[in-house]
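Okay, structure first, notes after.
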Amino acid sequence: MRFTKMQGCGNDYIYVDCFSAKAPRDPAALSRAISDRHFGIGSDGLILICPSESADARMRMFNADGSEAEMCGNGLRCVAKFVHDRGIVRKPKLAIETGRGVLNVDLEIRAGKVERARIDMGTPILQASDIPTTLPGDPPNDVPLTIDGTTLRFTCVSMGNPHAVTFVPEITDELVLGLGPKIEKHAAFPRRTNVEFIKVNRPDDATMRVWERGSGETLACGTGACASAVAGILTGRLARRVTIHLLGGDLELEWSETSNHVFLTGPAVEVFSGDWPDASS
């Protein structure tokens, strides 16, 4: 099975071209095997690039634990780069089908290759039952939740996948690595949740670390950055346009007052390609 490894701000996935080859028989098992950083290729998960009846391509995303997720902003930029650079569809603006629906991606092209992309991520989902979470409010806004004796305040947003955002004075390993996995699986989040820890530097500048549902801590999360920008505006901490610094790089966010859509801009980088010996994993 031919694969390509790509990354957006260090959020790395293994991409398989299902236009030119059949999709793997068991993508969940393949994702677990291929994502292993010691015995596999090493990644945050697996993304299948498939034909679509309603868009230029379709993205299916599997976390490192094999669970299928609805969306990945960093992954979507890389899908758009792959589709353009491989000549599947050569346009400066692509429509990609995701678990969130069809999303539009504007490409920044230099010397015939995509370097960055801007995604229209659509409107944030703020109804608690649709996020989903059992915390009160639509959306839950700075709602306290106690985990292992530590009380944090969460603002919950879905960008097609669930996020719980907490603003903290300092982002520590004790929070991200210690409490992150417990928050992910807390009973308040019936489909588990991604967890974002945010330090506000200025209204237009913030720092973020993320514990991703099904993958653990990753270097970046595009939907998490979107959800954090929305949460920052809802709580009066951030401006409509903000740069968010992640462990793997910077992402630019805008929540438009006119369209109510969230826009995500960042890099898309191809790392290498190769052959995986067993596509039936």
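Everything numeric here is computed off the predicted structure, so don't read it as measured data. When reading the values below, keep in mind they use all heavy atoms of this one structure, side chains included, and skip hydrogens, waters and symmetry mates.
Grouping the Ile, Leu, Val, Met, Phe, Trp and Tyr side chains by contacts below 4.5 angstrom, directly or via other members, places Ile14 with Leu48. Met121 and Phe263 are assigned to two separate hydrophobic clusters, defined by single-linkage of ILVMFWY side chains at heavy-atom distances under 4.5 Å. Taking hydrophobic clusters as Ile, Leu, Val, Met, Phe, Trp and Tyr residues chained together by side-chain heavy-atom distances below 4.5 Å, Ile34 does not share a cluster with Tyr15. A chain of hydrophobic side-chain contacts below 4.5 Å, direct or via other Ile, Leu, Val, Met, Phe, Trp or Tyr residues, connects Met159 to Val105. By the criterion of side-chain heavy atoms lying less than 4.5 angstrom apart, applied directly or through intervening Ile, Leu, Val, Met, Phe, Trp or Tyr residues, Val210 is grouped together with Ile119 in one hydrophobic cluster.
When atom types are taken as modelled, the side chain of Lys5 and the backbone of Gly42 share a donor-acceptor pair closer than 3.5 angstrom. Listed for the Thr146 side chain is no donor-acceptor partner under 3.5 Å among the backbone atoms of Gly149. Without hydrogens or angle criteria, Thr123 side chain to Asn260 main chain gives no donor-acceptor distance under 3.5 Å.
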Trace of the side chain to side chain contact (heavy atoms under 4.5 Å, CB included) decision for Val79 with Lys81: CA-CA 5 Å; Val79 168; Lys81 175 178 174 64; over 6 Å; no

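Judged as a side-chain hydrogen bond (donor to acceptor under 3.5 Å, both in side chains), not a single pair has a partner in residues 225-234 (not counting sequence neighbours). The salt bridge (charged side-chain N to carboxylate O under 4.0 Å, His left out) pairs that include a residue from residues 92-109 are Glu108-Arg116, where partners are two or more places apart or lie in different chains.
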For residues 230-250, which side-chain donor-acceptor pairs fall under 3.5 Å, sequence neighbours excluded?
| from | atom 1 | to | atom 2 | distance (Å) |
| --- | --- | --- | --- | --- |
| Thr235 | OG1 | Ala231 | O | 2.9 |
| Thr235 | OG1 | Gly232 | O | 3.3 |
| Thr235 | OG1 | Arg237 | NH1 | 3.0 |
| Arg237 | NH1 | Asp142 | OD1 | 3.4 |
| Arg237 | NH1 | Asp142 | OD2 | 3.4 |
| Arg237 | NH2 | Asp142 | OD2 | 3.4 |
| Arg240 | NH1 | Trp255 | O | 3.1 |
| His245 | ND1 | Asp250 | OD1 | 2.8 |
| His245 | ND1 | Asp250 | OD2 | 3.3 |
| His245 | NE2 | Asp205 | OD1 | 3.2 |
| His245 | NE2 | Asp205 | OD2 | 2.7 |

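Through side-chain heavy atoms spaced under 4.5 Å, either directly or across other Ile, Leu, Val, Met, Phe, Trp or Tyr residues, Leu145 is tied to Leu135, Val143, Ile147, Leu152, Phe154, Val168, Ile171, Leu175, Val176, Leu177, Leu179, Ile183, Phe189, Val195, Phe197, Trp211.
Distance check: Cys72 SG to Ile47 CD1 gives 5.0 Å after rounding to the nearest 0.5 Å. In this structure, NE2 in His84 is found 6.0 Å from CG in Leu107, a value given to the nearest 0.5 Å. A distance of 6.5 Å separates OG of Ser67 from CZ of Arg213, quoted to the nearest 0.5 Å.
Legend: residues meeting side chain to side chain contact (heavy atoms under 4.5 Å, CB included) with Ser273, ordered by chain and number and at least two apart, are Arg2, Thr4, Arg86, Glu270. Partners of Phe39 under the side chain to side chain contact (heavy atoms under 4.5 Å, CB included) rule, at least two apart in sequence or in another chain, are Asp36.
Between Arg192 and Glu184 there is a salt bridge, since at least one side-chain N of the basic residue sits less than 4.0 Å from a carboxylate O of the acidic one.
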